[in-house]
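Taking it in order: structure first as structure tokens, then the write-up.
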Amino acid sequence: MTIDTIVRVAARGDGITADGRHAALAAPGDTLLADGSLTPGPHHQAPPCRHFPLCGGCQLQHLDDESYAGFVTDRIASALAAHDLTADIRSPIVSPPRSRRRATLHAEAKGGRVRIGFTEAGSHSLVDISECHVLAPELFALVAPLRTLLTRIGFKRRADIQLTLCDQGVDVLIGAGAEGLAAAEAINDFCLTHHVARFAADDGIGPETRWEPEPVTVTLGGVPVAFPHGSFLQATREGEATLIAAVREAVGPSAMIADLFAGLGTFALSLAPAKVYAAEAGRDVILSLKGAAAIARRPVFAEHRDLYRRPLSVAELDRFDAIVLDPPRSGAREQATNLAACKVPVIAYVSCNPSSFARDAQTLCEGGYRLDWIQPVGQFRWSTHVELAARFSR
């Protein structure tokens, strides 16, 4: 009987043998038999959650910490190799279980009851979660009460529920309407009982705040920043701290820094005493950053600017001592082209997609930059989603 050993885990989570055979739910060191069955090896752990592998919230709970860290590193190295690049890849920093402070869950009314959870892998079917090993306890504690609330308000459809842990507590945004006095009373009771920071409902024309006893904020760089509905926030506090530390190391003592795709100011507000130009396409988000920086008297100039339509020109870039770049998953192709032609001494690139990062890294390196190091970050523990921070220098 032919026996193969799993040598690595591919980008989508399948184990692979040296001769290219794939096996679902396999860990490095497992043995794959000719009939497709697996014998667990030293890195194959018992998944901690009863919903794994049906629940699509996690793909890699069968990997122990060592092999999961290896997966994170390999994802980045493989993306670089596809563009003939290499780099010093540091040891991954992986967030602990139950640390995810933002998540989008799904809710549906079916069979006379409301179900809340993640979808199954590769399916629209919903897994009604009764436990979760990635969500912060504050978020998971609201799952059962939300089922009761949605039942009370007569929820009849399928909708997303965005949960974000903010300074004042959990911010809840439900993608469904909630009309009438009975619904209003039910929402008030829910928010009072469970100390919700804010509750909003969106019936398709934009969020309507139904509960917010005090303005909701998130603290970034020691500065409270107003949190617009559904805004982006780094998934874990540990991941955020790792990325900030990497960015600060990368830019060093630079006096003038541009923070591109700045969001709410995760990096811009953490780079004092440097003067920072922050560009962001989200109008509400950049207004929050601008207001927070002004109140805190931080030297941040915030501009509402779509960097896909209007990337900074070479002349604009050359005014800065360092650039911080944190684009969405699609990367920053247009901005990277101009960066490759500029004279800025150092670039800190934060990415949530090793593939688009490697593409942009090739552009920068062809323009004369050197990829000094990469810090992998595993904020989405047990998932195939990998993040990183990297330093480029001339």
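On a predicted model such as this, the values are computed, not experimentally measured, just so you know. Here, residue 1 is the first one in the sequence, and each next residue gets the next number.
Note on V196: it clusters hydrophobically with V143, by side-chain heavy-atom contacts below 4.5 Å among ILVMFWY residues. A continuous path of hydrophobic side-chain contacts links V72 to I374 [ILVMFWY only; heavy atoms under 4.5 Å]. Cluster membership for L271 and L260, using ILVMFWY side-chain heavy atoms within less than 4.5 angstrom, is not shared. Clustering ILVMFWY residues whenever any of their side-chain heavy atoms sit less than 4.5 angstrom apart, transitively, puts I129 in a cluster other than the one holding V134. I174 and L126 sit in two unconnected hydrophobic clusters of ILVMFWY residues. Membership requires side-chain heavy atoms under 4.5 Å apart, directly or through other members.
Listed for the D30 side chain is a donor-acceptor partner under 3.5 Å among the backbone atoms of G41. Listed for the S123 side chain is no donor-acceptor partner under 3.5 Å among the backbone atoms of E120. A donor-acceptor pair is defined here as one N or O able to donate and one able to accept, closer than 3.5 Å; no such pair exists between the side chain of R329 and the backbone of N353. A distance-only check finds a donor-acceptor pair linking the side chain of R305 to the backbone of P311 [under 3.5 Å]. Although no hydrogens or angles enter the test, the distance criterion places a donor-acceptor pair under 3.5 Å between the side chain of H62 and the main chain of A26. Using a distance-only test at 3.5 Å, with no hydrogens or angles considered, no donor-acceptor pair links the side chain of Q59 to the main chain of G13. Checked by atom type and distance alone, the side chain of E138 never pairs as donor or acceptor with a backbone atom of L165 at under 3.5 Å.
Note that the CG atom of L63 and the CD atom of Q45 stand 7.5 Å from one another [nearest 0.5 Å]. Expressed to the nearest 0.5 Å, how far CG of L146 lies from CG of L105 amounts to 8.5 Å. Residue L139 holds its CG atom at 5.5 Å from CG of L163, rounded to the nearest 0.5 Å. To the nearest 0.5 Å, atom CD1 of residue I187 and atom CZ of residue R210 are 4.5 Å apart. The CG atom of L371 sits 12.5 Å away from atom NE2 of H83, with the distance rounded to the nearest 0.5 Å. Distance check, rounded to the nearest 0.5 Å: CZ of R248 to CZ of F267 gives 12.0 Å.
Ring geometry, F190 versus H194: the interplanar angle falls from 30° to 60°, so the pair is classed tilted. Using cut-offs of 30° and 60° on the angle between ring planes, the pair Y277 and F301 is parallel. Ring pair F392/Y349 is tilted by interplanar angle, where 30° to 60° counts as tilted. Using cut-offs of 30° and 60° on the angle between ring planes, the pair F380 and H385 is perpendicular.
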Check step by step if side chain to side chain contact (heavy atoms under 4.5 Å, CB included) holds for L32 and R21. CA-CA 9 Å; L32 176 62; R21 297 175 67 198; 3.7 Å; yes
Test salt bridge (charged side-chain N to carboxylate O under 4.0 Å, His left out) on R115 and D128; report intermediate values, then the result. CA-CA 5 Å; R115 297 147 49 92; D128 193 28; 5.3 Å; no
Test salt bridge (charged side-chain N to carboxylate O under 4.0 Å, His left out) on K343 and D318; report intermediate values, then the result. CA-CA 6 Å; K343 300 177 182 178; D318 282 341; 5.5 Å; no
Would E131 and R50 satisfy salt bridge (charged side-chain N to carboxylate O under 4.0 Å, His left out), going step by step from the backbone distance to the final call? CA-CA 8 Å; E131 65 176 300; R50 75 182 73 178; 2.5 Å; yes
Go through the steps for S78 and R8 under the test side chain to side chain contact (heavy atoms under 4.5 Å, CB included), then give the verdict. CA-CA 11 Å; S78 297; R8 57 185 290 265; 3.5 Å; yes
Verdict with reasoning, E387 to Q234, per side chain to side chain contact (heavy atoms under 4.5 Å, CB included): CA-CA 11 Å; E387 298 183 305; Q234 294 295 339; 4.2 Å; yes
Starting from the C-alpha separation in whole Å, work towards a yes-or-no answer on salt bridge (charged side-chain N to carboxylate O under 4.0 Å, His left out) for R381 and D65. CA-CA 10 Å; R381 188 182 184 92; D65 287 351; 2.8 Å; yes
After noting the C-alpha distance and the side-chain angles of V225 and T217, does the key distance pass the side chain to side chain contact (heavy atoms under 4.5 Å, CB included) rule? CA-CA 5 Å; V225 182; T217 61; 5.8 Å; no
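For the salt bridge (charged side-chain N to carboxylate O under 4.0 Å, His left out) criterion with R310, the lone passing option out of E334, E303, E316 is E303. Between R101 and the options E238, Q379, E240, a side chain to side chain donor-acceptor pair (under 3.5 Å) holds for only E240.
Closest approach of P48 to W382, counting heavy atoms only: CG-CH2, 3.8 Å. Taking all atoms of both residues into account, the shortest heavy-atom contact from L25 to L38 is O-CD1, 3.8 Å. Taking all atoms of both residues into account, the shortest heavy-atom contact from L264 to S288 is CD2-CB, 3.8 Å. Of all the heavy atoms in V350 and P327, the pair that sits closest is O-CD, 3.3 Å. Closest of all the heavy-atom pairs between G222 and P224 is O-CD, 3.9 Å. Across all their heavy atoms, P28 and S67 have their closest contact at CD-CB, 4.0 Å.
In this structure the side chain of R152 reaches within 4.5 angstrom of the side chain of D189, judged on heavy atoms. Looking at T209 and F199, their side chains never come closer than 4.5 Å, going by heavy atoms from C-beta outward. Here the side chains of I116 and L150 are in contact, with some heavy-atom distance below 4.5 Å. Taking the side chain as every heavy atom from C-beta outward, L220 and V218 approach each other to under 4.5 Å. A heavy-atom distance below 4.5 Å is found between the side chains of L325 and L339. Between F227 and R198, some side-chain heavy-atom pair lies under the 4.5 Å cut-off. For the pair E280/L289, no side-chain contact is recorded, criterion being any heavy-atom separation below 4.5 Å from C-beta on. Using a 4.5 Å heavy-atom threshold, the side chains of F140 and R98 count as separate.
In this structure, a donor-acceptor pair under 3.5 Å is absent between the side chains of T104 and D160. In this structure, a donor-acceptor pair under 3.5 Å is present between the side chains of H51 and S130. Residues D360 and T363 have side chains that never bring a donor and an acceptor to within less than 3.5 angstrom of each other.
The aromatic ring centroids of Y308 and F261 lie less than 6.0 Å from each other.
Atom CZ of R333 has 12 or fewer neighbouring heavy atoms from other residues, nucleotides or ligands inside a 6.0 Å radius. No more than 12 heavy atoms of other residues, nucleotides or ligands shown are found within 6.0 angstrom of CZ on R309.
Annotation: salt bridge (charged side-chain N to carboxylate O under 4.0 Å, His left out) contacts of R394 (sequence neighbours excluded): none. Partners of D321 by salt bridge (charged side-chain N to carboxylate O under 4.0 Å, His left out), not counting sequence neighbours: none found.
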